[in-house]
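Worksheet for the structure shown next.
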Amino acid sequence: MKLPIEYYRKSNVVSLAKSFLGKYLFTYLDGKFTGGIITETEAYNGIIDKASHAFGGRRTNRTEIMYADGGTAYVYLCYGIHSLFNIVTNRKDIPHAILIRALFPIEGLETMMIRTNKKNLNRMNLFIGPGLVSKALGIHYSDTGKKLNGNEIWIEDRNFKIPNAKIITGPRVGVEYAGKDAALPYRFRVMHRDLEKII
DNA sequence: CATAGGATCGCCT
DNA sequence: GGCGATCCTATGT
């Protein structure tokens, strides 16, 4: 079933980020239906988290959408090239976010391979990296602000449970500037080869 | 207005 | 494992 907005309003962004592993992320964009299983996430814990764009309560044109109600897409451009897809969580005015870093492809494989210029289907390493995930799903930074209970970008729970023993927890990628917050264990992932055995 | 740099990727060696 | 691509955002004058 499609996750209701209530699901995204939970207050613990770290456990919520972990709970997205094994959920199905779908898009219907550009007339194409694509999606897969979320296999890597990172939590960004609002105004007290130095790695978060909303650290210290900063509000800019870019970060304003992080203060929206849970269940909103926060997509921004990184390195001038990559659209990075984040899920805004918690309630309005609490700028929690979860970055989706990897996807195990399920639906619309051909479309996703065309979008990412992949020639071979190799689920071990396909769509690992947040820029690639957005590219495969057709998500662009102009999609920021879209609600996740609509018909363009949404997440489904299909009762697929990842065993705790298969979840790798560690520090987030590329946030060295965040001082001691850089070491926080806010990154969660499942190896694609483990997923293939479970599926 | 000008400028530095970024929650990255793919290609090259 | 090193580097270039590429452009928006934030910040400073």
Side-chain angles (χ1 to χ4, degrees), chain A residues 8 13-21 25 34 36 38-68 70 72-90 94-105 111-146 148 153 155 167-190 192:
Chain A
Y8 301 97
V13 69
V14 178
S15 60
L16 199 51
K18 188 173 175 182
S19 83
F20 278 119
L21 295 179
L25 171 60
T34 51
I38 295 169
T39 54
E40 184 171 344
T41 62
E42 280 177 2
Y44 287 83
N45 192 21
I47 65 173
I48 60 166
D49 181 356
K50 274 198 174 133
S52 169
H53 292 158
F55 174 65
R58 107 214 241 125
R59 299 180 94 115
T60 64
N61 284 337
R62 178 178 66 157
T63 64
E64 190 59 33
I65 204 68
M66 297 181 78
Y67 294 82
T72 304
Y74 169 43
V75 191
Y76 75 95
L77 186 71
C78 188
Y79 295 104
I81 299 176
H82 306 288
S83 288
L84 270 54
F85 173 65
N86 297 250
I87 301 161
V88 174
T89 69
N90 212 312
I94 303 177
H96 288 178
I98 296 169
L99 173 67
I100 304 300
R101 293 191 57 89
L103 197 73
F104 185 87
T111 299
M112 292 197 285
M113 288 173 68
I114 291 169
R115 281 174 177 159
T116 56
N117 305 315
K118 299 282 186 191
K119 302 198 168 39
N120 304 305
L121 179 61
N122 176 1
R123 283 172 151 160
M124 303 299 185
N125 56 24
L126 216 52
F127 315 142
I128 293 177
L132 273 179
V133 171
S134 295
K135 207 171 172 189
L137 294 173
I139 297 173
H140 185 257
Y141 63 86
S142 59
D143 292 315
T144 199
K146 285 186 173 165
L148 303 184
I153 308 173
I155 297 174
I167 297 176
I168 303 164
T169 302
R172 293 168 292 184
V173 174
V175 296
E176 294 78 12
Y177 57 87
K180 67 173 172 46
D181 288 345
L184 292 170
Y186 284 1
R187 179 190 188 196
F188 304 99
R189 61 192 175 117
V190 190
H192 283 199

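All values below come from the heavy atoms of this structure, side chains included, with hydrogens, waters and symmetry mates left out.
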Rounded to whole Å, how long is the line connecting atom [atom1] of [X] with atom [atom2] of [N]?
X	N	atom1	atom2	value
L77(A)	dA5(C)	CG	P	17 Å
K119(A)	dG10(B)	NZ	C1'	12 Å
F55(A)	dA7(B)	CZ	P	14 Å
E40(A)	dA7(B)	CD	P	16 Å
R62(A)	dG5(B)	CZ	C1'	11 Å
L84(A)	dG5(B)	CG	P	20 Å
K135(A)	dC9(B)	NZ	C1'	8 Å
N125(A)	dT8(B)	CG	C1'	16 Å

Can you identify which nucleotide, out of [options], has its nearest atom closest to the [X] side chain?
X	options	answer
R58(A)	dA7(B), dT11(C), dT9(C)	dT11(C)
K118(A)	dT8(B), dG10(B), dA10(C)	dG10(B)
Y177(A)	dC8(C), dT11(C), dA7(B)	dA7(B)
Y79(A)	dA10(C), dG6(B), dC8(C)	dG6(B)
P130(A)	dC7(C), dC9(B), dT11(C)	dC9(B)
L132(A)	dG10(B), dT9(C), dG6(B)	dG10(B)

- Mind checking N86(A) for me? I need base, sugar-phosphate or nothing, with any heavy atom below 4.0 Å counting as a touch. base
- Would you mind classifying the nucleic acid contact of R172(A) as base, sugar-phosphate or nothing, using non-hydrogen atoms under 4.0 angstrom? nothing
- Matching residue for F85(A) among I100(A), L137(A), L103(A), I98(A) - test: side-chain contact (heavy atoms from CB on, under 4.5 Å): I100(A)
- Query: Under the 6.0 Å and 45° cation-pi test, does R62(A) pair with Y141(A)?
  - Reply: no
- Item | Complement of dT6(C), any strand, by Watson-Crick or G-U distances under 3.5 angstrom | none
- Message: Let's test this: given Watson-Crick or G-U wobble pairing with both distances under 3.5 Å, identify the partner of dG12(C).
- Response: dC1(B)
- Message: Taking the nucleotide of DNA chain C with the nearest heavy atom to each, does I81(A) or Y141(A) sit closer to the 5' end?
- Response: I81(A)
- Query: Do H96(A) and N45(A) have side chains that get closer than 4.5 Å, going by heavy atoms?
  - Reply: yes
- Message: Which residue in the set Y76(A), Y177(A), Y44(A) passes ring pair (Phe, Tyr, Trp, His ring centres under 6.0 Å) when paired with H53(A)?
- Response: Y76(A)
- Message: Any side-chain N or O of T60(A) below 4.0 angstrom from OP1/OP2 of dA10(C)?
- Response: yes
- Task: Determine whether the side chains of H82(A) and S134(A) contain a donor N or O and an acceptor N or O closer than 3.5 Å.
- Result: no
- Message: Is it the case that the base of dA7(B) and the side chain of H82(A) share a donor-acceptor contact (distance under 3.5 Å, atom types as modelled)?
- Response: no
- Query: Looking at NZ of K18(A) and CD1 of I167(A), how far apart are the two atoms once the value is rounded to the nearest 0.5 Å?
  - Reply: 5.0 Å
- Query: With a centroid cutoff of 5.5 Å and a plane-angle limit of 30°, would you call Y44(A) stacked on dA7(B)?
  - Reply: yes
